[in-house]
Enquirer: 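Here it is, the structure in full.
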Protein chains: 2
Amino acid sequence: MPRPQTVSDDELFDRLAHVFRVAGFEGASLGALAEGAGLQRASLYHRFPGGKVQMAEAVMGRVKGLFLRALEPMGSDADVAAGVAESARRISEIYADGELPCVLDTLTLSGAPESIRARAAEITTAWIDAMAGAAERGGADADAARLAAEDAFVRIEGGLVLARLHGDPSAFRRAIAGLPRMLLTGQPPPGVDPGSASGSRKPQASARSAASR
Amino acid sequence: MPRPQTVSDDELFDRLAHVFRVAGFEGASLGALAEGAGLQRASLYHRFPGGKVQMAEAVMGRVKGLFLRALEPMGSDADVAAGVAESARRISEIYADGELPCVLDTLTLSGAPESIRARAAEITTAWIDAMAGAAERGGADADAARLAAEDAFVRIEGGLVLARLHGDPSAFRRAIAGLPRMLLTGQPPPGVDPGSASGSRKPQASARSAASR
DNA sequence: GTCTATACCTTGATAGAC
DNA sequence: GTCTATCAAGGTATAGAC
């Protein structure tokens with residue numbers, strides 16, 4: 001073996017994942033991928049003979065592994081709340097505390113090949129299933145558990161979108177901090193401080209009409 | 001005037017918006033934009049001498065107009081709940097009932113120029129402000145109103161991401177249907193049917209540990 | 001395994017006929 | 001105002017030296 005690898009597979013996948021997640025599939029040019037990886041374009045083709053599509057597939061495989069590891073505590077029967085809290089911590093780490101976009105969102109736009117979209121859907125399913133499982137072990141019935149899990153997913157993804165738009169990850173962080181409460185009580189976090197009072201409505205201000213129904 | 005326009009400005013902007021929203025800024029090639037617009041590339045450059053960036057800016061202007069029109073009922077003092085419900089209907093229409101991605105999400109990836117990101121941030125601010133205003137008129141104090149408004153935004157955007165990933169817009173539709181309740185009571189919709197019972201927990205199943213905190 | 005060099009195509013953008 | 005034709009630049013991908 002003449003020349004050793006200058007960067008491990010996992011490290012390489014992580015670097016490529018960073019480019020893909022911030023730029024999307026079409027936006028991630030080979031030049032940008034090579035620069036992010038610290039390799040020349042031709043070197044990337046040596047490691048990924050299938051080209052850009054194979055790079056993205058490898059990234060999705062790596063991402064799936066990261067998520068399965070993050071979701072693992074949530075699957076334990078021991079202490080559901082503690083498991084959910086630990087998984088929430090790991091999920092937040094994947095997103096750099098809300099600073100980085102979600103590859104499931106950004107890598108599934110129109111230009112992305114079907115194989116990538118399929119893998120993203122798989123990861124999404126595994127993630128929501130894990131949260132629904134935790135909710136069920138927390139006492140919810142199957143339907144309520146799935147709703148709570150989808151709601152949690154939606155809050156996290158939407159929180160990341162808002163973080164990118166306003167440069168403010170606080171909504172994402174609320175979704176992460178409120179994850180145990182959402183899954184295990186079916187209720188969202190009431191406000192900024194998860195331990196605060198039930199809400200801050202002004203009872204004297206009369207809502208002019210009944211809400212929704 | 002030798003040749004009349006074959007497509008009106010608004011119609012053209014809408015067609016371009018469709019390409020941009022599903023493909024992102026980098027993913028929307030001039031070829032795709034021209035095809036979507038039903039014009040040749042050179043004709044697009046006649047209408048937009050500033051090129052692709054100007055096209056995207058025009059799209060953002062059009063989108064801002066659509067949103068302001070959608071948010072208008074929510075700003076009325078007459079019947080807050082009815083206004084929110086009507087705005088929710090119009091917002092859902094912008095997203096084709098959850099079938100189309102949000103331009104605020106897809107057009108703000110790494111490749112997008114700063115001018116586009118700034119306009120997207122403006123639209124986001126206007127949208128959240130309008131929802132927070134409605135929540136305040138519904139009786140919430142300023143902080144709670146803003147939290148509810150951000151929460152509503154996050155649910156809608158996250159719902160659209162999930163819709164794209166799983167081909168299932170039900171989470172988006174729940175966010176839309178629950179908008180009056182979220183803004184005017186500070187509580188999320190309890191489940192699939194907004195008028196159903198308070199929740200479907202199994203009281204006999206003991207949650208093994210206190211949630212959160 | 002990584003590099004330089006290069007082939008080939010698509011892209012964004014322009015010129016000029018009608 | 002729209003079109004065909006064209007350009008330079010950047011895109012993906014490959015060949016071959018080390």
Side-chain angles (χ1 to χ4, degrees), chain A residues 1-20 22-60 62 106-107 109-116, chain B residues 1-60 106-107 109-116:
Chain A
M1 46 188 80
R3 300 194 190 180
Q5 278 189 352
T6 59
V7 53
S8 73
D9 275 1
D10 278 355
E11 174 65 20
L12 176 57
F13 296 172
D14 284 344
R15 293 180 186 181
L16 295 178
H18 182 83
V19 180
F20 274 120
V22 299
F25 184 81
E26 305 238 11
S29 69
L30 265 291
L33 290 164
E35 186 181 8
L39 290 177
Q40 297 297 323
R41 275 172 296 181
S43 300
L44 284 181
Y45 277 96
H46 180 266
R47 311 262 299 241
F48 306 95
K52 194 172 164 179
V53 172
Q54 189 183 352
M55 296 179 210
E57 286 171 350
V59 162
M60 292 309 274
R62 170 75 173 152
T106 65
L107 211 44
L109 293 187
S110 143
E114 185 52 37
S115 63
I116 302 303
Chain B
M1 49 188 76
R3 298 196 192 181
Q5 278 189 351
T6 59
V7 52
S8 74
D9 275 3
D10 277 357
E11 172 65 21
L12 176 57
F13 296 173
D14 283 343
R15 294 182 186 180
L16 295 178
H18 182 82
V19 179
F20 274 120
R21 83 195 301 188
V22 300
F25 184 81
E26 306 237 13
S29 70
L30 265 291
L33 290 165
E35 187 181 7
L39 291 177
Q40 297 297 324
R41 275 173 296 181
S43 301
L44 284 180
Y45 277 96
H46 180 265
R47 312 265 295 248
F48 305 95
K52 191 171 163 178
V53 173
Q54 189 183 351
M55 297 179 210
E57 286 171 350
V59 162
M60 293 309 273
T106 65
L107 212 42
L109 294 187
S110 143
E114 184 52 37
S115 64
I116 302 302

Enquirer: Give a yes or no on whether a salt bridge exists between A:Asp9 and A:Arg47, defined as a side-chain N under 4.0 angstrom from a carboxylate O.
Expert: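 Between A:Arg47 and A:Asp9 there is a salt bridge, with a charged N closer than 4.0 Å to a carboxylate O.
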Enquirer: Rounding to a whole Å, what distance do you find between A:Leu30:CG and D:dG11:C1'?
Expert: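 Taking atom C1' of D:dG11 as the reference, CG of A:Leu30 is at 8 Å.
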Enquirer: For B:Ala28, report the nucleic acid contact type (base, sugar-phosphate, nothing); a contact means any heavy atom under 4.0 Å.
Expert: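 Sugar-phosphate contact only.
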Enquirer: Is any side-chain N or O of B:Ser43 closer than 4.0 Å to OP1 or OP2 of D:dG1?
Expert: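 No, because none of the side-chain N or O atoms of B:Ser43 sits under 4.0 Å from OP1 or OP2 of D:dG1.
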Enquirer: Using only side-chain N and O atoms of A:His46, determine if any of them is under 4.0 Å from OP1 or OP2 of C:dG1.
Expert: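 Answer is yes, contact under 4.0 Å.
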Enquirer: Distance check needed: C:dT2 C1' versus A:Phe48 CZ, whole Å only.
Expert: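 Those two atoms, CZ and C1', are 14 Å apart.
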Enquirer: Nearest of D:dT12, C:dT11, C:dT14 to any side-chain atom of B:Ala42?
Expert: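 Closest nucleotide among those given: C:dT14.
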Enquirer: Take atom CG of A:Leu44 and atom C1' of C:dT4, then tell me their distance rounded to the nearest Å.
Expert: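 Spelled out: CG on A:Leu44 to C1' on C:dT4 is 15 Å.
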Enquirer: Return yes when atom CD of B:Glu11 has more than 12 non-hydrogen atoms of other residues, nucleotides or ligands closer than 6.0 Å, and no otherwise.
Expert: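 Atom CD in B:Glu11 is crowded, with more than 12 foreign heavy atoms closer than 6.0 Å.
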Enquirer: Would you indicate what A:Ala34 reaches in the nucleic acid, counting non-hydrogen atoms under 4.0 angstrom: base, sugar-phosphate, or nothing?
Expert: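 Counting heavy atoms under 4.0 Å across all strands, no contact is made by A:Ala34.
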Enquirer: Respond yes when some side-chain nitrogen or oxygen of A:Gln5 is under 4.0 Å from OP1 or OP2 of C:dT2, and no when none is.
Expert: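 For C:dT2, neither OP1 nor OP2 has a side-chain N or O of A:Gln5 closer than 4.0 Å.
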Enquirer: Distance check: side-chain N/O of A:Tyr45 vs OP1/OP2 of D:dT14, anything under 4.0 Å?
Expert: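 No.
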Enquirer: Could you check how far NZ of B:Lys52 sits from P of D:dA9, rounded to whole Å?
Expert: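 It works out to 18 Å between those atoms.
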Enquirer: Rounded to whole Å, please give me the gap between CZ in A:Arg41 and C1' in C:dT6.
Expert: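 Taking CZ of A:Arg41 and C1' of C:dT6, I get 10 Å after rounding.
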Enquirer: Identify whether any heavy atom of B:Arg47 sits under 4.0 Å from a base atom; if not, whether one sits that close to sugar-phosphate; answer base, sugar-phosphate or nothing.
Expert: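 The answer is sugar-phosphate, as B:Arg47 gets under 4.0 Å only of primed atoms, P, OP1 or OP2.
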Enquirer: Given atom CG of A:Leu16 and atom P of D:dT12, what is their separation to the nearest angstrom?
Expert: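 Rounding to the nearest Å, CG of A:Leu16 and P of D:dT12 are 13 Å apart.
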Enquirer: Taking C-beta and beyond as the side chain, do A:Leu39 and A:Thr6 meet within less than 4.5 Å on heavy atoms?
Expert: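 Heavy-atom side-chain distance check passes, below 4.5 Å.
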Enquirer: Please tell me if the side chains of A:Leu30 and A:Met55 come closer than 4.5 Å, counting only heavy atoms from C-beta onward.
Expert: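 Yes, their side chains come closer than 4.5 Å.
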Enquirer: Roughly, in whole Å, what's the span from CD in A:Glu26 to P in C:dT10?
Expert: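 My rounded result for the distance is 13 Å.
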Enquirer: Using a 3.5 Å distance criterion without hydrogens, assess whether the side chain of A:Lys52 forms a donor-acceptor pair with backbone atoms of A:Phe25.
Expert: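 Yes, because the side chain of A:Lys52 sits within donor-acceptor range (under 3.5 Å) of the backbone of A:Phe25.
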Enquirer: Calculate the interatomic distance between B:Met55 atom CE and C:dT11 atom P; express it in whole Å.
Expert: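 Those two atoms, CE and P, are 13 Å apart.
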Enquirer: Indicate whether OP1 or OP2 belonging to D:dT2 is found under 4.0 Å from a side-chain N or O atom of B:Thr6.
Expert: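 So the side-chain polar atoms of B:Thr6 do come within 4.0 Å of the phosphate oxygens OP1 or OP2 of D:dT2, strictly under.
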